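What follows is a single structure, written as structure tokens, with notes after it.
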Amino acid sequence: MEKQLYIKQLRPELYLMDEAHESTGYLVIGKDKACLIDTMNGYNDLHKTVREITDKPVIVINTHGHPDHIFGNVFFDRAFLHADDFALAQSFCNDKKMSPFEPITQGDVIDLGGKHLEVYSLPGHTRGSILLLLKEERILFTGDAVNHHVWMQLEGCPSMTQFVKNLDQVMFLEKEADFILHGHARKFDDISLMHCVRQGALEISEGDTLKDEIYPWFGGTAKQHHFKLEEGKQYSQLHSVICYNDVTVS
């Protein structure tokens, strides 16, 4: 079933695709190739949409293996995903006719011609979550790994202590990028969202949770911890939480 696809040109060769306000993908266009970062729920023929914008060869990269970021892969011949999310993605794709995933991992660099996307791992929201740094534009694409509503209550999520350690491995990216575009964004977030998420995760790991609230979701109930944003910075929203359960606290 086709749903509304909102397309916004953020920069001359960068497009945001918001599918029914459910998830967001991005099209980055270089001199030689284009890259589609996440394909959302597959409500719309993304191949047709991309072809209306560019005729350059398209590389598809999924930031992680959840359905609202991979189901649009059905419109393309190949897509890249971190191998640690292969099993997760396949668990949702039994009735979907899509090509097998190809591996992408930390250290890989995608050369689009004058634009380069560097791959960094950030296990947390899923085991195979990745970040993509568009080096020339100083933009970091974070999928669901870093956003204003971080789900860490899912099966397979690490402890909050481990998540903080994982974040520490990529915090240097705050010096490499100015903005974040995450998997449910409608505009840019300041890069400081990274250390705001880290601080929230640290508070949970240290037991600063007395004010935390119950968070109902389709899998049952969890808890949500509000974290503070930095004053004077540009954010796409102000309400920011990390969702977690007792398993992921310690």
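As the structure is a computational prediction, the values presented were derived from the model and not from experiment.
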Would [X] end up clustered with [Y] when hydrophobic side chains under 4.5 Å apart are linked, directly or stepwise?
X: I37; Y: I29; result: no
X: L88; Y: M98; result: yes
X: L27; Y: I59; result: no
X: V119; Y: F101; result: no
X: L167; Y: F227; result: yes

Nearest 0.5 Å please: distance from the [atom1] atom of [X] over to the [atom2] atom of [Y].
X: T49; Y: D45; atom1: OG1; atom2: CG; value: 6.5 Å
X: L122; Y: H82; atom1: CG; atom2: NE2; value: 11.0 Å
X: Q199; Y: L229; atom1: CD; atom2: CG; value: 12.0 Å
X: E203; Y: K211; atom1: CD; atom2: NZ; value: 10.5 Å
X: N44; Y: L5; atom1: CG; atom2: CG; value: 4.5 Å
X: L134; Y: L140; atom1: CG; atom2: CG; value: 10.0 Å

For a 4.5 angstrom cut-off between non-hydrogen side-chain atoms, does [X] reach [Y]?
X: N73; Y: S99; result: no
X: L10; Y: F188; result: yes
X: R198; Y: L202; result: yes
X: S205; Y: F163; result: no
X: N62; Y: F80; result: no
X: E102; Y: V60; result: no
X: Y15; Y: K8; result: no
X: H184; Y: H69; result: yes

So does [Y] get a backbone contact from the side chain of [X], meaning a donor-acceptor N/O pair under 3.5 Å?
X: Q162; Y: K165; result: no
X: T24; Y: A185; result: yes
X: Q106; Y: S121; result: yes
X: T209; Y: D212; result: no

Give me the atom names and distance for the closest heavy-atom approach of [X] to [Y].
X: G156; Y: R127; answer: CA-NH2, 3.6 Å
X: A145; Y: L131; answer: CB-CD2, 4.1 Å
X: G65; Y: I70; answer: O-CD1, 3.5 Å
X: I191; Y: I180; answer: CD1-CG1, 3.7 Å
X: H125; Y: D144; answer: CD2-CB, 3.3 Å
X: P158; Y: G124; answer: CD-O, 3.3 Å

Salt bridge (charged side-chain N to carboxylate O under 4.0 Å, His left out) partner of E13, chosen from K31, K115, K33, K56 |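 Result: among K31, K115, K33, K56, K115 is the only option passing the salt bridge (charged side-chain N to carboxylate O under 4.0 Å, His left out) with E13.
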Does [X] come within less than 4.0 Å of [Y], counting only side-chain N to carboxylate O?
X: K135; Y: E118; result: yes
X: E137; Y: R11; result: yes
X: D189; Y: K233; result: no

Under 30°, 30 to 60°, or over 60°: which ring-plane class applies to [X] and [Y], parallel, tilted or perpendicular?
X: Y26; Y: F141; answer: tilted
X: W217; Y: W151; answer: perpendicular
X: H66; Y: F92; answer: perpendicular

Tell me, with the steps shown, if Y120 and F172 meet ring pair (Phe, Tyr, Trp, His ring centres under 6.0 Å).
-> CA-CA 11 Å; Y120 297 93; F172 70 92; 5.6 Å; yes
Is atom CD of E155 surrounded by more than 12 heavy atoms (other residues, nucleotides or ligands) closer than 6.0 Å?
->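 No, not enclosed.
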Return yes when atom CG of D77 has more than 12 non-hydrogen atoms of other residues, nucleotides or ligands closer than 6.0 Å, and no otherwise.
->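 No, because the 6.0 Å sphere around CG of D77 holds 12 heavy atoms or fewer from other groups.
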Side chains of S192 and Y235: donor-acceptor distance under 3.5 Å anywhere?
->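 Judged by distance alone, the side chains do pair up.
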With N41, the side-chain hydrogen bond (donor to acceptor under 3.5 Å, both in side chains) member among E19, K3, E22 =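 Passing option: E22.
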Hey, mind stepping through D178 and R138 against salt bridge (Lys or Arg N to Asp or Glu O under 4.0 Å) and telling me if it holds?
-> CA-CA 6 Å; D178 299 317; R138 294 183 60 84; 2.9 Å; yes
Please report the C-alpha distance between H195 and E230 in whole Å, then the side-chain angles of each, then the deciding distance to 0.1 Å, and finally whether the side chain to side chain donor-acceptor pair (under 3.5 Å) criterion is met.
-> CA-CA 9 Å; H195 70 245; E230 192 171 318; 2.9 Å; yes
Dump the intermediate steps for ring pair (Phe, Tyr, Trp, His ring centres under 6.0 Å) on H149 and Y215, then the final yes or no.
-> CA-CA 11 Å; H149 200 103; Y215 176 67; 5.3 Å; yes
Could you walk me through whether I7 and D18 pass the side chain to side chain contact (heavy atoms under 4.5 Å, CB included) test, one step at a time?
-> CA-CA 6 Å; I7 301 175; D18 171 6; over 6 Å; no
Apply side chain to side chain contact (heavy atoms under 4.5 Å, CB included) to H239 and H148, showing your working.
-> CA-CA 7 Å; H239 180 78; H148 290 278; over 6 Å; no
Check whether the ring centres of H225 and Y244 lie less than 6.0 Å apart, and answer yes or no.
->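 No, ring centres 6.0 Å or more apart.
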Hey, mind stepping through L36 and D38 against side chain to side chain contact (heavy atoms under 4.5 Å, CB included) and telling me if it holds?
-> CA-CA 6 Å; L36 180 60; D38 285 342; over 6 Å; no
Evaluate the side chain to side chain contact (heavy atoms under 4.5 Å, CB included) criterion for residues K96 and F71: first the C-alpha distance (whole Å), next the side-chain angles of each, then the deciding distance (0.1 Å), finally the verdict.
-> CA-CA 8 Å; K96 297 284 183 181; F71 274 1; 3.7 Å; yes
